[in-house]
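Note sheet for the following structure.
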Amino acid sequence: MHPALSVILFTVLSGAGYGLFSLVAVLQLTGGYPAAAPGEALLQLGVALVLITIGLVSSSLHLHNPRNAWRAFLRVHTSWLSREALLAVAFYPFALIHLWGTATGAGGLTAAAGWLAVLLAGGTVFSTGMIYAGLKTLRQWHTALTPANYLLLGLALGAVFMAAVHAFSGGSDPLPVALALGALVVAGLMKGIYYLWIRLAGGPTLNTATGFTRAPVRLMDPGHSAATFLTREFGNDPGRGRVERVRLGVLGLGFVLPVLLLAWMLQGASAVWVYAALLSALMGIGLERWLFFAEARHSVMLYHGLQRT
Amino acid sequence: MRLGLVIDLDTCVGCHACAVACKQWNTSGTSGPLTDESPYGPEPGGVWFNRVRHFEVDDYPHNKTVNLPLSCMHCENAECVDVCPTGASYKRAEDGIVLVDHDKCMGCNLCAWACPYGARELDPAEGVMKKCTLCIDRIHDAALPEAERQPACVITCPARARFFGDFDDPDSTVSRLVRERAGQKLLPELGYRPTNTYLPPRTAPPVPTDDVRRAQPVTGVEAWIPAPKPR
């Protein structure tokens, strides 16, 4: 699959934003948020909303006919994209009520709005994962691991953001750092399981795609001399070597380096290292999203020379 | 009613006439234009509803060229319709044809991602998804003579390798062909239940050909060359 920059930015940034919002809101609502400075929680929630908004705006950039985008809320009963759009928009009023409650210190109903916003945030990220997991045409995506990865990576990146904003506000509580470390380890383990799982062969082949299952089949001519919509959209093949190099980058930058930095911080290293951990995790999970697309092989490519998906 | 195509891989010669006839009819029809990108440039591209691909099956000396025309299969389980967030993609209840309402499409490409056969192509000029309509503006047009109420690709096929009809009617030509020639679906394991069906190449000639050589008036080149005339 062709990795579109707008979709990579959207899924990484809004995933991190929803993760950050959920973590901060849950800690606030359970009374466990270790605020160092007044207004820190407000800053955390503001950063989350900015990330989410940048993501959502960039997601609309890949539409080819955006004036019909308002219709995207109409097919909630069948389409995960529709569900994602609806949940993403429904999140805003409750998130803003929670923000207002945080700013004014009001309790009661604003707390209920906070919990609702957390649920809607989780639902949005789950729907994003299900958009991809629901496609039977891409066996690398058609798995429960896809929404699990989206949820865990969003939480992990959100947790690193929380630790960074906490340090920026002058806080030195170990809880955000420990949370970020734990979330990164769990997300990294799940991503590792995914990388092992997609190595297992077992998807449509050129034989089932043509109906000739008792003999080898080779493509002689795809029937067109230049690139088509299909080859541009689905025909991206970065090559085995590049994929493995990027995978090393995903595991190293996305998980190993930030985990080591955060563990070092828990041992007493300076709080400035959290920014390095954040930068590393952002780059690594950006690469992870690129690889998620680049590694997926669409069954249409069987009709363009691929032997198996 | 479940309308669709049967394509005979035994007789398809891979001439692309179906693809060209489709492009010609639909670019001036309700789906038009089927925008071309640099049609006279070094890398011509554009929207096609029907593309013919060429494969080699088995190894020498048992190899055979198979031409595989691919267009929308008008699946019974059309996931392109399910994933569409705007409701632009729909499947008609009365005849099973899958269509796109271009006025509602927002060009998100998700339906093309959900289609395993590559039947949907985005028109870059209009920003909306376009696809085979089974020539819905021909097949239901009562102003046309009945014999012409068929998709353009079927009418034009010089090898008579394409058939159009109702798969729900057990006595239709398409149902009979599928039954008699063991028609196959493509990518059945994905569960889309495509309507279009492909007839595999015959393993034996449909008519006896052993006597063809004997029945020929000329048996060899020698017999054909006029004998030298004595001068």
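Note on naming: letters A, B, ... go to the chains in the order of the sequence lines (proteins, then strands), and numbering restarts at 1 for each one. Below, each value reflects all heavy atoms present in this structure, side chains not excepted, and no hydrogens, waters or symmetry copies.
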Do you know which of A:F73, A:F229, A:W80 has the most heavy-atom pairs under 4.5 Å to chain B? A:F229
Residue pairs fulfilling side chain to side chain donor-acceptor pair (under 3.5 Å) with at least one residue in residues 62-79 of chain A, sequence neighbours excluded: none
Which atoms of A:M1 come close to chain B, meaning under 4.5 Å heavy atom to heavy atom: side chain ones, backbone ones, both, or neither? side chain
Quick one: which of B:G45, B:G87, B:G14 has the most heavy-atom pairs under 4.5 Å with chain A, could you say? B:G87
Highest number of heavy-atom pairs under 4.5 Å with chain B among A:E84, A:M220, A:R218 belongs to A:R218
Bottom line for B:E126: the part with an atom under 4.5 Å from chain A's heavy atoms is backbone
Non-hydrogen contacts under 4.5 angstrom with chain A: give the residues of residues 49-80 of chain B involved, or none if there are none. B:R51, B:V52, B:R53, B:H54, B:F55, B:E56, B:V57, B:D58, B:D59, B:T65, B:V66, B:L68, B:L70, B:N77, B:E79
Leading residue by heavy atom contact count with chain A [cutoff under 4.5 Å; candidates B:P200, B:P44, B:C105]: B:C105
Using a 4.5 Å heavy-atom cutoff, which residues in residues 110-125 of chain B come close to chain A? B:L110, B:A112, B:W113, B:A114, B:C115, B:P116, B:Y117, B:G118, B:R120, B:E121, B:L122
Atom group of B:C108 that falls short of 4.5 Å from chain A, counting heavy atoms: both
Heavy-atom pairs under 4.5 Å with chain A, option from B:D103, B:L187, B:V81, B:V47 with the top count: B:L187
Taking every heavy atom of A:L81 against every heavy atom of B:P85, the minimum-distance pair comes out as CD2-CG, 3.4 Å
Given a strict heavy-atom distance threshold of 4.5 Å, which part of A:L206 is in contact with chain B: side chain, backbone, both, or neither? side chain
Sorted by chain and residue number, the side-chain hydrogen bond (donor to acceptor under 3.5 Å, both in side chains) partners of B:E43 (sequence neighbours excluded) come out as none
Heavy-atom pair count under 4.5 Å with chain B, highest-scoring of A:A85, A:G211, A:G134, A:P222: A:P222
Engaged part of A:L63 at the chain B interface, taking heavy atoms whose separation is under 4.5 Å: both
How about A:T137 and B:Y192: do any of their side-chain heavy atoms sit closer than 4.5 Å? yes
Kindly compute the distance separating CD (B:E37) from OG1 (A:T228), expressed to the nearest 0.5 Å. 9.5 Å
When only pairs under 4.5 Å are counted, which of A:L219, A:T205, A:L74 shares the most heavy-atom pairs with chain B? A:L219
Taking every non-hydrogen pair under 4.5 Å, which of B:L9, B:V83, B:N109, B:V128 racks up the most with chain A? B:N109
If you count heavy-atom pairs within less than 4.5 Å of chain B, which of A:P216, A:G223, A:P66 leads? A:P216
B:E189 CD to A:K136 NZ distance, which is reported to the nearest 0.5 Å: 11.0 Å
